[in-house]
Amino acid sequence: MLKLGFNEATCKENSSVERDLELCEKYGYDYIELRLDMLKEYLKTHTVEDLKAFFAKSHLKPFAFNSIENINFCSPEEWKEVVDLVTFGCQLSKEIGNKYLIIVPTVRDDMIFKNEQEIFEDSVKVINELADIAEQYGVGLSFEPIGDRRWCCNSVRQAWEIVQAVNRDSVGLTVDCINVYMHDKCADVDYIRKIPKEKLFVYHINDCEDLPLRVLDHCHRIMPGKGCIPIAEVSKAVMDVGYDGPACLELFRPEYWEMDAEDVIKMGAECCAPYLK
Ligand code: ZN
C-alpha cells in the first residue's frame, strides 16, 4: 500500500507553496514534495514558522525537496551554487522535518560523450561530498536517474551501482515512472526489485503520451492512467521491494499549468488512487 504524494512541479506555473499546501490538505494527500525555487518565493512573504505551524495542524507532511540539479562535472562556480542550495535545503529540512533532498545528474549536450566509468567516478565523488553536508542535518539524499540520454545517468541500474559504491545510509534512490520508461520503455522494470527497501527513498508517479522515445520529453507527462506507461507494473515492483511511502505525482505538463490548480490537484488524487494498492 502506497501513500499519496504531490510534487510541486505539477502546478509550478499556476500555484504557490501556500496554495499547494491548502489544496493538497483539502484533497487528502499524505505528503508533499516542495520545490526549492517555490520555497524561496514563499519565504519572501512568509516565515519558516508559518510552514511549521501549517504542518503541525495538518494531515499533510513534507517528504522531499526538489531538486538539486546538475551535480556532475561542475565548474568551481557551478559547484558552489550546488553546495549553497544543498545547505539551504538541509537547513530548512531540519527545521520543518523534511526527510530527503532529491539530487539529479547533469544535463548538457556533451554528456553523451562521457563514458560510464567517468560518470560513475564523478557521481560517487560528488554524492559523497554532498552527503558530508546533508548528514550534518540528518537529511537523506535521493539520487534520481533521468531516462533521457542528455542526462548523464539514465537508468535505475546505473544509479543503483553508484549508490551502492557510495555506500552510506543517508544516500538512496528515486524511481520515477517516466524515467524508467524513457530509458528503454520499461524493459528493465524488474531491475527495481534488486533495490533493497532501505535504499528506495522516493517514488514519482506519472504517465506519458505514446510518442517515439526520440520525441518524448518531460512536457509530455500526463495524469496516471491517461498514457502508455505500465504504471501498475512499476508500482508493483516498487511495492514488492517493500516501499510503503508516497507515490508522488510529478508532472511538467503545460496544459495543466493553464488550468486552475484546484482542478489539477483534485484530478491528481483521483488518477493516482488506483495505483496505490
Ligand atoms: Zn521525478
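Numbering of ligands and ligand atoms starts at 1, following listing order.
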Same cluster (ILVMFWY, side-chain, under 4.5 Å), V175 and L4:
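Yes.
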
Pull up every protein N/O/S atom sitting under 2.8 Å from the Zn ion (ligand 1), skipping waters.
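The answer, once waters are left aside, is E144 OE2, D176 OD2, H204 ND1, E250 OE1.
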
Ion pair check, E270 and K266, cut-off under 4.0 Å:
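A salt bridge is present here (some side-chain N lies under 4.0 Å from a carboxylate O).
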
Take a 6.0 Å sphere around NZ of K61 and say whether it holds more than 12 heavy atoms from other residues, nucleotides or ligands.
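Yes.
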
Checking side-chain polar atoms at under 3.5 Å, does Q91 have a donor or acceptor matched by the opposite partner on E95?
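Q91 vs E95: no donor-acceptor pair found between side chains.
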
Give me the one residue out of N206, D20, N66 that meets side-chain hydrogen bond (donor to acceptor under 3.5 Å, both in side chains) with N7.
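Output: one option passes, namely N66.
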
Report yes if some heavy atom in the side chain of V82 is under 4.5 Å from a heavy atom in the side chain of I103; otherwise report no.
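They are not in contact (no side-chain heavy atoms under 4.5 Å apart), so the answer is no.
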
